[in-house]
Amino acid sequence: MLDTVNAIYVSGGMADYLMATLRRVGADTVLIERIRAGLPYMGASAGAMIMGKNIEPAIALDGHTEGVSLDNCKGLSLVDAVILPHADGLLPPYPPETITAVAHQFEGTPGLMMLADTEALLVVDGNIRCVESSENE
């Protein structure tokens, strides 16, 4: 089905559930192949976190999904980062105190990227750039 789309958008949710489902149906390898072949990908929250090296910060934020078991917390590793979204603490389920606690827990993690809800990671030819949203755009 990915051959029939021009881009993929994956929204938020539980990152452990998302990764477990992708692995279970084999969509993880297909998704990696298609993105590496040039299929544009946009992800928000859990959809962004799975692109990184691991999803441990997601589990620290949200806990484990009941009934979901992962062998490991590896992400798809399409971005050489560990993404912590909602870093501005503006969304009700993620107050600043929670974000601070999770950031402290993962302090020193290679590639940890704190990503505010007003920011996006733009990846072009393997180069990662954090971009701000603009009210004028």
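Scope of the values below: all heavy atoms of this structure, side chains included, with no hydrogens, waters or symmetry mates.
- Residues N54 and P57 come closest through the heavy atom pair OD1-CD, 3.5 Å.
- Annotation for D88 and A116: closest pair OD2-CB, 3.6 Å, computed over non-hydrogen atoms.
- Remark: R34 engages D3 in a salt bridge, criterion side-chain N to carboxylate O under 4.0 Å.
- No path of Ile, Leu, Val, Met, Phe, Trp and Tyr side chains, each step under 4.5 Å between heavy atoms, connects M49 with I128, placing them in separate hydrophobic clusters.
- Proximity of a side-chain donor or acceptor of K53 to a complementary backbone N or O of L78 within less than 3.5 Å is not detected.
- Atom CG of N72 sits in a crowded spot, with more than 12 heavy atoms from other residues, nucleotides or ligands closer than 6.0 Å.
- Under the 4.5 Å side-chain criterion, counting only non-hydrogen atoms from C-beta, L70 is not in contact with H64.
- Considering only heavy atoms from C-beta on, I8 stays 4.5 Å or farther from P40 through its side chain.
- Within the model, atoms CG of D117 and CG of L90 stand 6.5 Å from one another, a figure rounded to the nearest 0.5 Å.
- L18 and Y94 fall into different hydrophobic clusters, defined by Ile, Leu, Val, Met, Phe, Trp and Tyr side-chain heavy atoms under 4.5 Å apart, directly or through other members.
- Expressed to the nearest 0.5 Å, how far CG of L22 lies from CD1 of I32 amounts to 9.0 Å.
- Connection of V131 to V124 is established within a shared hydrophobic cluster, with ILVMFWY side chains joined at heavy-atom distances below 4.5 Å, either directly or through further cluster members.
- Of all the heavy atoms in M42 and A7, the pair that sits closest is CE-CB, 3.6 Å.
- Across every non-hydrogen atom of A15 and A58, the tightest pair is CB-CB, 3.5 Å.
- Within the 3.5 Å criterion, the main-chain N or O of G47 finds a donor-acceptor partner in the side chain of Y41.
- Side-chain contact check for L84 versus L112: some heavy-atom pair is nearer than 4.5 Å.
- By the 4.5 Å heavy-atom criterion applied to side chains, M113 and L121 are counted as neighbours.
- Considering OG of S77 and CD1 of I50, their distance stands at 11.0 Å, rounded to 0.5 Å.
- Between the side chain of S133 and the backbone N or O of T118, at least one donor-acceptor pair lies under 3.5 Å.
- Under the 4.5 Å side-chain criterion, counting only non-hydrogen atoms from C-beta, I59 is in contact with C73.
- The line from CD of E66 to CG of D16 is 11.5 Å long, rounded to the nearest 0.5 Å.
- For the atom pair CE (M14) and CE (M19), the distance works out to 14.5 Å, reported to the nearest 0.5 Å.
- Looking at heavy atoms from C-beta onward, M51 lies in side-chain contact with I35 at the 4.5 angstrom threshold.
- Among all heavy-atom pairs drawn from G13 and A46, the shortest one is O-CB, 3.4 Å.
- Taking the side chain as every heavy atom from C-beta outward, L31 and V10 never approach each other to under 4.5 Å.
- Cluster annotation: L76 is not connected to V82 through the hydrophobic network of ILVMFWY side chains, with a link wherever side-chain heavy atoms come within less than 4.5 Å.
- Between the side chain of D125 and the main chain of N127, no donor-acceptor pair closer than 3.5 Å is present.
- Y17 and D62 form no side-chain donor-acceptor contact under 3.5 Å, judged by distance and modelled atom types alone.
- Side-chain contact between K74 and R23 is present, with at least one heavy-atom pair separated by less than 4.5 Å.
- Looking at every heavy atom in both residues, I99 comes nearest to M114 through CG2-CE, 3.9 Å.
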